[in-house]
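Only one structure is covered here, and it is reproduced in the block below.
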Amino acid sequence: MTLPDNSVREYAPGILLVDIAKSISHRLAREALAARVDGRLVDLGSSLKGDARVEFLTFDDEEGRQVYRHSTAHVMAQAVQRLFPGTGLAIGPAIADGFYYDFEPKDSFTPEDLVKIEKEMEAIIKANLPFERTELSRPEALAFFKDVGQNYKVELIEDLPPDVPLSCYRQGDFTDLCMGPHVPTTGRLKSVKLMSVAGAYWRGSEKNKMLQRIYGTSFPKKSMLDEHIFRIEEAKRRDHRKLGAELDLFSIQEEGPGFPFFHPKGMIIRNELEQYWREEHKKRGYQEIRTPIILNRLLWEQSGHWEHYRENMYFTTIDEGDYAVKPMNCPGGMLVYKSRLHSYRELPIRLAELGLVHRHELSGVLHGLMRVRCFTQDDAHIFMLPSQVKAEIIRVIDLVDDFYKVFGFSYHVELSTRPEKAMGSQETWELATRELKEALEARGLDYKVNEGDGAFYGPKIDFHLKDSIGRTWQCGTIQLDFQMPEKFDLSYVGEDGQKHRPVMIHRVVFGSIERFMGILTEHYAGAFPTWLAPVQVRVLPITDRHAGYAQKVVDRLGEKGIRVELDSRNEKINYKIREAQAQKIPYMLVVGDKEADQKAVAVRHRAKGDLGAIPLAEFEEQLLEQIREKDVS
RNA sequence: GCCGAUGUGGCUCAGGGGUAGAGCAGCUCACUCGUAAUGAGCAGGUCGUCGGUUCGAAUCCGACCAUCGGCUCCA
């Protein structure tokens, strides 16, 4: 057999993989969970028949982790069967950070049940039961699962192609349909934690019965589990809904579920973002427009939204006419383009719009600013000659790149291609997809392809940014749209004096300002960089005696456009600092006798702590520079 | 929309068939203080909404609303 490092070892035919692992090293024997033999994942208990490339998988390998978690899911199913006999079993795969199993219990699981199940799992792990694989024929498998009354398993088997070999895994008193592989024994599982119960539709379709899904995770070391739990806590600590309330940025009230209210401090961040956005777009040849929120039903019929998007739209009646509240900005943009004749000399025309759209989202999906029923897209529709497409896409990619860098995000790109039910000809799609690819390649960007994930009207490039705790969010997108120019009969007058159809792209950079603010809040854990911070400086006089000088400092900084506050309350300096820190204000200026005498300020930075006293003029200069540069530190 | 959980002063939470409690925040007063909580006092709630059971409901029951965790969908 050949190992990944290309070293070759000889064994008697039929040797078990476990024994090979043992012969290589104790450590490998202890850590190996499964193996890959000639590209196929197998149990360590399987034997080697002839020459093969063998790779042992541990928890450090993605597949190794999946085997580990998947085995844990089986143990959970076994525990559930023991405690709640007769519970239906659906599926139980490994997922990114753990695993789940979908059950059909007689009664819903309670949090207390989870504790019991976890206990039972520990007992199963302690018993160190071997996972035993058996291969069986389709009729045998059907007979077995019918016999034990596991109808979901029967359904799964019936849906499998008839020629695939079926396998089951048994540990102790529990057998489950499974491709495998699994860890050798239940004792290999160490730290297990059940996280939550939730409803989940059988096969993910809301038309099907809702099952009970238990989420859990497992690690080979307690310390790794603790670290995982700590990461979850960290995400909670950064939750923009919690920070949004604490920092008084926004609120969502019962009177408007999914319709956020922006408070003064939230508006400062929002306006800073929009101001930056406007500057950058102006520099890059965009013109800003604003289109109405309510438009006649006929427009939505023309655009196809009436047909394709109606269930997400809000409607109203004006003078007995039917109107809709816009869920997208494009139709409005089309009308602006069409409002007069265009020459090929004008193209590309870049019409940008910070457009407020409303969408009826299901009540159960609303989530702070991340998932709302009205939001502002930083939209733009670019109308071009076919020959301009590639260069224009590169310009948009550059724009997105510049934006994300300012916030300290790294990102990756995905290209989505033609979906099953798409409009337009195969050739147009191929051409468009090629243009997007060429633009990405010209720009030297790596990208992942999502086959069939494009919009029905065209392929798209999506930007997935990565926040400071490693989560990814889809924000920017560039979509080539062949439908709208067609449906709205857009045209420009070409060199030949004839009418031609322009090409259109639709793009956003932030995506939604609301969601982007939510992401920023979590990314920075509420400590916004100075240029965005609602309050940039708070001046803290030590005693009443220093209030006069403190006020002068506030006035002077305020005149320079710095957002500055005075905390003249009759409190100790420690108390004032504590509050300013809690509000994550970038700079606290402590002023007492010394500072007043020397026209200085004692600077405390929220993260760097006490930086000592410097002349006020010097502080002001440094601060303005930092704001101008949009310094993220 | 569906499954499950939750809903008590601005916030965090206790209590629980006999009519509501703490800490923090707020206000007032005293202290005049040098880098993360000075002390004292005061005020603040139709216990999510509506209905039912009961002599009596914040407490038990039901419906609805909202929130949280998921599913599905998505910027």
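Below, chains carry the letters A, B, ... as their sequence lines are ordered, and counting in each starts from 1.
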Partners meeting side chain to side chain donor-acceptor pair (under 3.5 Å) with A/T87 (sequence neighbours left out): none

Length of the line joining A/R538:CZ and B/rU35:C1', which is rounded to integer Å: 15 Å

Residue-phosphate contact under 4.0 Å: A/R569 side-chain N/O, B/rG26 OP1/OP2: yes

Rounded distance in Å - CG (A/D544) to C1' (B/rA30): 12 Å

Residue pair A/L243 / A/G526: nearest heavy atoms and the distance that separates them: CD1-N, 3.7 Å

Residues in salt bridge (Lys or Arg N to Asp or Glu O under 4.0 Å) contact with A/R545, at least two apart in sequence or another chain: A/D593

Sugar-phosphate, base or nothing in reach of A/G204, heavy atoms under 4.0 Å: sugar-phosphate

Side-chain donor-acceptor pair present, A/Y587, A/Q622, cut-off under 3.5 Å: no

A/H240 and A/E522: side chain donor to acceptor below 3.5 Å: yes

Check: A/Y201 side chain, B/rG70 base, donor-acceptor under 3.5 Å: no

Whole-Å gap separating P (B/rG34) and NZ (A/K594): 10 Å

Intermediate values then yes/no, salt bridge (Lys or Arg N to Asp or Glu O under 4.0 Å), A/R373 and A/E361: CA-CA 6 Å; A/R373 283 178 171 158; A/E361 300 293 346; over 6 Å; no

Parallel, tilted or perpendicular, as decided by the 30° and 60° cut-offs, for the rings of A/H70 and A/H74: perpendicular

Sugar-phosphate only, base, or nothing, as touched by A/K576 at under 4.0 Å among non-hydrogen atoms: nothing

Sole residue of A/R270, A/E274, A/E353 in side chain to side chain donor-acceptor pair (under 3.5 Å) with A/T376: A/R270

Residue A/V372, side-chain atoms from C-beta onward, closest of B/rC33, B/rG1, B/rA75: B/rA75

Centroid distance under 5.5 Å and plane angle under 30°, A/F375 vs B/rA75: yes

Any residue of residues 513-530 of chain A with a heavy atom less than 4.0 Å from an atom of RNA chain B: A/R515

Rounded P spacing from B/rC65 to B/rU53 in Å: 23 Å

Pair of N/O donor and acceptor under 3.5 Å linking B/rG1 base with A/E311 side chain: no

Minimum-distance nucleotide (side-chain atoms of A/A602 versus B/rU35, B/rA75, B/rC33): B/rU35

Pair A/S251, A/Q253: side-chain N/O donor-acceptor within cut-off below 3.5 Å: yes

Any N/O donor-acceptor pair, A/R371 side-chain to B/rC73 base, under 3.5 Å: yes

Euclidean distance, atom CG of residue A/D97 to atom P of B/rG70 [Å, nearest integer]: 12 Å

Taking every non-hydrogen atom, the tightest pair across A/T477 and A/F463: N-CD1, 4.2 Å

Contact state string [nucleotides 40-45 of chain B, B base, S sugar-phosphate only, - no protein heavy atom under 4.0 Å]: ------

Test log, rule side-chain contact (heavy atoms from CB on, under 4.5 Å), inputs A/I252 and A/L366: CA-CA 11 Å; A/I252 296 177; A/L366 302 177; over 6 Å; no

Sugar-phosphate only, base, or nothing, as touched by A/Q479 at under 4.0 Å among non-hydrogen atoms: nothing

Spacing between A/M328 atom CE and B/rC74 atom P, to the nearest angstrom: 10 Å

Set of salt bridge (Lys or Arg N to Asp or Glu O under 4.0 Å) partners for A/D402, sequence neighbours left out: A/R284

Separation of A/S218 OG from A/L194 CG (nearest 0.5 Å): 10.0 Å

Aromatic plane relationship, A/F259 with A/Y314 - under 30° parallel, 30 to 60° tilted, over 60° perpendicular: tilted

Show each protein N/O and nucleotides 36-39 of chain B N/O combination with a separation under 3.5 Å, one pair to a line.
residue	atom	partner	partner atom	Å
B/rA36	N7	A/R604	NH2	3.3
B/rA36	N6	A/Q581	NE2	3.0
B/rA37	N7	A/R578	NE	3.4
B/rA37	N7	A/R578	NH1	2.8
B/rA37	N7	A/R578	NH2	3.2
B/rA37	N6	A/R578	NH2	2.5
B/rA37	N1	A/R578	NH2	3.3

Salt bridge (Lys or Arg N to Asp or Glu O under 4.0 Å): pairs with one or both residues in residues 303-315 of chain A, sequence neighbours excluded: none

Touch class at under 4.0 angstrom, heavy-atom based, for A/V508 against every strand present: nothing

Atom pair distance, as rounded to whole Å: CD in A/E255 and C1' in B/rG48: 11 Å

Gap in Å between the two P atoms, one belonging to B/rG23 and one to B/rG62, rounded: 36 Å

Closest nucleotide among B/rG70, B/rG1, B/rU35 to the A/V590 side chain: B/rU35

Base-paired stems in RNA chain B, each at least three Watson-Crick or G-U pairs under 3.5 Å: B:1-7 with B:65-71, B:10-13 with B:21-24, B:26-30 with B:38-42, B:48-52 with B:60-64

Selection residues 242-269 of chain A - residue pairs positive for salt bridge (Lys or Arg N to Asp or Glu O under 4.0 Å), sequence neighbours left out: A/K242-A/E246

Face-on cation placement of A/R69 at A/F99 ring, 6.0 Å and 45° thresholds: no

Within residues 354-362 of chain A, residues whose heavy atoms come under 4.0 Å of RNA chain B: A/R359, A/E361, A/L362

Qualifying salt bridge (Lys or Arg N to Asp or Glu O under 4.0 Å) pairs, either residue in residues 568-590 of chain A, two or more places apart: A/D567-A/R569, A/R569-A/E579

Distances under 3.5 Å only, N/O to N/O: pair up the protein atoms with those of nucleotides 65-68 of chain B.
residue	atom	partner	partner atom	Å
B/rC68	OP1	A/R241	NH1	2.9

Distance, rounded to the nearest Å, where A/N208 contributes CG and B/rC3 contributes C1': 14 Å

Parallel, tilted or perpendicular, as decided by the 30° and 60° cut-offs, for the rings of A/H464 and A/H412: parallel

Integer-rounded Å distance: B/rU12 P and A/E246 CD: 9 Å

CA sep, side-chain torsions, deciding dist, call: A/Y286, A/R278, side-chain contact (heavy atoms from CB on, under 4.5 Å): CA-CA 9 Å; A/Y286 286 77; A/R278 288 198 166 95; over 6 Å; no

